[in-house]
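Down below is the structure, laid out as structure tokens.
The basis for the numbers below is simple: all heavy atoms, side chains too, and nothing from hydrogens, waters or symmetry mates. The chains referred to below are lettered A, B, ... by the order of the sequence lines, with proteins before strands, and numbering in each begins at 1.
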Amino acid sequence: MKLLFALLLALMAVGAGAAESPDTATDEPAATFEAVALGLGSASFREKTALVERLAGFADPRVPVLLETLLAGDLYADATTGALYIGKADPAPLVGATEASAPPDKLRKVITNNSLRSALRPLIAATRLRDPDPEVRARAARTLIGEVPLALTPTLEQVTATEQHSEVRQALRTALASVQLADADPGVRIAAVRELADNSDKQILTLLEQRARQEQEADVSAALAEAIAALQAREKWFAFFGDLFFGLSLGSVLLLAAVGLAITFGVMGVINMAHGEMIMLGAYTTYVVQLLMPEHIELSLLVAVPAAFLVSGLVGIAIERGVIRFLYGRPLETLLATFGISLVLQQLVRTIFSPLNKSVITPDWLSGSWQINGMLSLTYNRLYIILFALAVLVTLVGLLRKTPIGLQMRAVTQNRAMASSMGIRTGRVDALTFGLGSGVAGIAGVALSQLTNVGPNLGQSYIIDSFLVVVFGGVGNLFGTFVAAMSLGVVTKFAEPLVGAVLAKILILVFVILFIQWRPRGLFALKGRFVED
Amino acid sequence: MAISSQPKLLSDAASRWLVGTIALVLVVVPVLNLLVPADSALHLSSYWVSLLGKYLCLALLALALDLVWGYAGILSLGHGAFFALGGYAMGMYLMRQIGERGVYGNPVLPDFMVFLDWQELPWYWYGFDDFLFAALMVVLVPGALAFAFGWFAFRSRVTGVYLSIITQALTFALMLAFFRNDMGFGGNNGLTDFKDILGFSLAAEGTKSALFVASGVALIGGYLLCRRVVTSRLGRVLVAVREAESRTRFLGYRVEHYKLFVFVLSAMLAGIAGALYVPQVGIINPGEFAPLVSIEIVVWVAVGGRGYLYGAIVGALLVNYGKTWFTGAFPEIWLFLLGGLFVVSTLFLPRGVVGLLQRRRSSHQPSPPSPSPQAAAQAEEGAR
């Protein structure tokens with residue numbers, strides 16, 4: 001790596017060196033920070049690299065500012081004295097300025113090239129190692145891993161010795177060890193390998209593997225092999241956890257899509273083929289909410305959840321009152337009628353919003369990822385979707401078990417005639433139950449709008465999966481739906497790398513088809529003695 | 001009514017009318033196309049011959065679905081899969097007939113295989129250069145799939161909605177599978193660019209008329225076969241299964257055998273329909289496996305009236321003509337109409353167009369009431 005670095009520098013020097021005058025750069029170590037800094041203005045790229053490396057070794061408080069300004073391309077030098085200023089239009093003196101300000105026409109930009117900039121980044125990180133904030137120090141130390149320029153090694157050793165904060169010290173020792181991997185002394189190398197073996201970082205694994213290819217000493221090679229094996233084993237575990245997490249989030253999406261269906265189909269026995277369109281309406285509601293409040297995108301999802309629940313719920317109630325209630329007891333006819341409704345809703349959305357996909361903005365708090373260590377990071381949107389799906393499920397179960405309306409819903413499901421004679425208005429309960437199932441589908445749409453494209457066909461792609469989840473889990477059983485969704489999600493995720501995404505999907509479909517042959521009532525069938533017909 | 005007890009195939013007026021009309025059309029259309037000169041007002045263009053031939057194939061498909069749904073009560077949401085499999089079998093034969101006339105001029109490999117850099121023909125393409133073998137596959141492949149699927153499903157007593165959903169999952173899985181390039185069926189694009197069938201050019205007017213006649217003959221044959229099934233003793237057991245499956249089982253009938261028989265027969269008819277459809281439209285692609293296509297078939301039967309056989313044919317012709325006309329004239333409202341048709345036909349036309357006509361006739365001359373499937377279902381629901 002260092003070799004490559006030097007080669008690059010040499011190339012740069014050949015290309016750009018001619019224009020620069022080499023007079024100020026000397027091999028003599030400059031006594032003071034100022035003396036070194038003043039040479040920057042007239043140095044060649046190659047000399048600049050040497051100069052900045054030396055500059056980074058000083059403890060002067062102006063060092064970080066200087067390096068960062070240079071990286072940003074905002075550093076200017078007085079053509080005659082070499083004094084350094086920040087900015088051109090209104091130059092602020094940084095180093096060696098005697099007057100308050102210099103005539104701007106004499107300022108020349110201190111130019112940088114790619115190789116100098118890439119040399120600057122670790123140097124800047126190194127200067128931040130003295131930052132009072134331990135968070136900043138830790139982050140700086142982590143960026144230095146595998147990137148430490150040789151000139152900085154003494155600084156790093158010194159900082160490591162004096163560091164008090166344990167986390168930062170650990171990161172510093174890792175960074176130091178990553179340099180010491182190439183140390184001339186085999187003992188130091190072995191110690192460095194041992195130090196690195198405890199880490200969980202892909203970058204370190206790569207470093208160790210690189211070193212293992214160059215290593216001549218047998219002892220060091222053995223230590224390297226051991227460390228690499230340990231890291232690889234850990235990597236495998238974390239990859240497994242990563243896949244598991246991804247699978248669970250996939251399962252949560254399925255759960256969200258299917259849980260509304262578990263109510264309308266599972267509890268009421270209504271085949272609602274327009275269920276997917278309820279999800280789609282929820283996603284479009286999110287889009288509209290974001291259009292209405294462009295100033296508050298961060299909050300838009302919080303508004304969209306109740307809004308989508310209301311929109312999809314009301315449409316659901318309208319469908320129930322307008323069509324489905326005439327078809328109770330005729331499941332196949334209900335299937336056809338609701339399929340017709342789904343076509344109408346799709347075309348309606350196509351007419352209003354155009355057939356093209358709409359972009360829904362992801363708020364900042366949902367983007368990015370949670371870096372647990374160098375081998376495992378969880379994206380926030382997937383993390384939140386798992387939590388959200390669980391929250392929805394728990395709320396629903398609570399609603400069905402603990403509230404009066406939930407009691408009425410269960411009563412009507414179990415024995416309609418009896419519930420009716422006890423004074424429950426069964427028609428109203430039917431409408432509310434259907435509205436609830438549809439509303440939950442709308443909420444699922446809000447969540448899905450963050451993961452997939454929002455278009456008229458959004459719902460269609462989930463309807464078959466949702467039905468399979470409900471049937472697989474056992475009709476009328478929210479817990480079964482939960483287990484089915486999660487297991488299908490995880491199995492899909494683990495099957496994908498083995499056979500490819502499409503084939504995994506096909507295999508899952510075939511599996512569920514076969515499973516239903518084996519247990520026609522799903523995983524958790526309602527127990528009881530009954531026959532149909 | 002729906003369930004005729006007469007043993008003779010053409011005993012009822014509707015069947016005689018239907019078969020007579022189709023037979024007449026089969027004579028008139030080729031004559032108008034081939035013998036009437038092109039400048040005459042009575043001339044029928046080849047476009048129309050192919051379009052009508054396509055309708056006849058779809059009518060055969062609807063007939064196949066009515067046999068299982070209208071009589072045995074099995075609502076298959078995956079009949080498009082059997083249709084498409086039959087179509088693919090025919091498509092493979094037609095692909096092999098292209099031979100060296102393909103873009104890449106490879107005498108053995110179809111163009112898409114050359115494009116994917118395949119070196120030899122996959123084993124499952126062997127034999128498809130022979131028409132008889134391909135024709136056999138047209139019925140055997142859908143039949144075998146229906147047998148395997150039905151064997152498991154009916155034995156495990158997967159019924160009603162559950163069966164509908166897994167048939168839908170079946171066709172969905174097949175669609176995903178056929179979209180894959182490595183399946184060896186042309187992936188996304190499917191099979192197309194056909195040149196000739198049995199040595200006759202597909203572009204020739206005579207071939208188009210011949211295919212049209214073949215479709216019509218297949219439809220009449222399919223209709224007579226279905227009539228034979230539903231008027232037999234077996235057909236009456238099927239109706240019993242539809243009305244009360246468990247009761248029929250308790251009476252000692254092996255319900256699953258009856259269902260399996262009729263399901264396989266229906267899949268084979270659907271395969272034949274697909275095989276006749278493909279040369280007339282000139283392409284078969286995985287889109288035919290889409291769940292929506294299969295559900296559309298159900299709507300043809302529902303609109304026409306299920307449980308009459310001829311109702312399915314009438315429905316398929318009506319809805320498909322409507323589709324051709326509306327997608328041409330007002331493409332954006334076609335889905336509204338189709339969706340509305342689903343709702344209206346289930347809410348207000350529980351026995352379809354044919355049922356509506358029959359009710360009007362029976363109000364003139366009172367006939368003994370016989371229970372419709374819906375009435376029976378409602379009575380049953382009330383008893384529960």
- Message: Rounded to the nearest 0.5 Å, what separates atom CZ in Phe265(A) from atom CD1 in Ile165(B)?
- Response: 4.5 Å
- Task: Check whether more than 12 heavy atoms from other residues, nucleotides or ligands sit under 6.0 Å from atom CZ of Phe515(A), and answer yes or no.
- Result: yes
- Under 4.5 Å between any side-chain heavy atoms of Leu343(A) and Phe342(B), yes or no? yes
- Query: What part of Ala302(B) lies closer than 4.5 angstrom to a heavy atom of chain A: side chain, backbone, both or neither?
  - Reply: side chain
- Do you know the tightest heavy-atom contact between Gln517(A) and Ile166(B)? NE2-CD1, 3.5 Å
- Compare all side-chain heavy atoms of Arg180(B) with those of Ile506(A) and state whether any distance is below 4.5 angstrom. yes
- Message: Using only atom types and a distance under 3.5 Å, with no angle test, would you say the side chain of Gln347(A) pairs donor to acceptor with the backbone of Glu332(B)?
- Response: yes
- Item | Validation row: Leu336(A), Val299(B) side chains within 4.5 angstrom (heavy atoms) | no
- Task: Specify the closest pair of heavy atoms between Phe172(B) and Ile464(A), including all atoms of both residues, with the distance to one decimal.
- Result: CG-CD1, 3.6 Å
- Which bit of Thr351(A) is near chain B, if near means a heavy-atom gap under 4.5 Å: side chain, backbone, both or neither? side chain
- Message: For Ala337(A) versus Thr346(B), what's the shortest heavy-atom pair and its separation?
- Response: CB-OG1, 3.4 Å
- Item | Interface moiety of Trp334(B) toward chain A, non-hydrogen atoms closer than 4.5 Å | neither
- Task: Using non-hydrogen atoms and a 4.5 Å limit, figure out which bit of Tyr162(B) sits close to chain A: side chain, backbone, both or neither.
- Result: side chain
- Query: CZ of Arg325(A): more than 12 outside heavy atoms within 6.0 angstrom?
  - Reply: yes
- When only pairs under 4.5 Å are counted, which of Gly340(A), Ser342(A), Ala417(A) shares the most heavy-atom pairs with chain B? Gly340(A)
- Item | CH2 (Trp151(B)) with more than 12 external heavy atoms under 6.0 Å | no
- Item | Closest non-hydrogen atom pair between Leu468(A) and Ala169(B), with its separation | CD2-CB, 4.1 Å
- Who among Ile295(B), Leu337(B), Leu75(B), Val158(B) has the most heavy-atom pairs with chain A under 4.5 Å? Ile295(B)
- Item | Value rounded to 0.5 Å, distance of CD1 in Ile513(A) from OG1 in Thr167(B) | 8.5 Å
- Message: More than 12 heavy atoms of other residues, nucleotides or ligands under 6.0 Å from CZ of Phe353(A): yes or no?
- Response: yes
- Query: Measuring heavy-atom distances to chain B, does Leu348(A) have an atom under 4.5 Å in its side chain, in its backbone, in both, or in neither?
  - Reply: both
- Message: As an exercise, state the distance from CG of Leu292(B) to CZ of Phe339(A), rounded to the nearest 0.5 Å.
- Response: 4.5 Å
- Query: Is there a side-chain contact between Val298(B) and Leu335(A), using heavy atoms and a 4.5 Å cut-off?
  - Reply: no
- Message: Please report the interatomic distance CG(Leu176(B)) to CD1(Ile508(A)), rounded to the nearest 0.5 Å.
- Response: 12.0 Å
- Note on the structure: Under 4.5 Å to a heavy atom of chain B? For Arg416(A) that would be neither
- Contact winner vs chain A - Ala173(B), Gly340(B), Pro291(B), Ser345(B), heavy-atom pairs under 4.5 Å: Ala173(B)
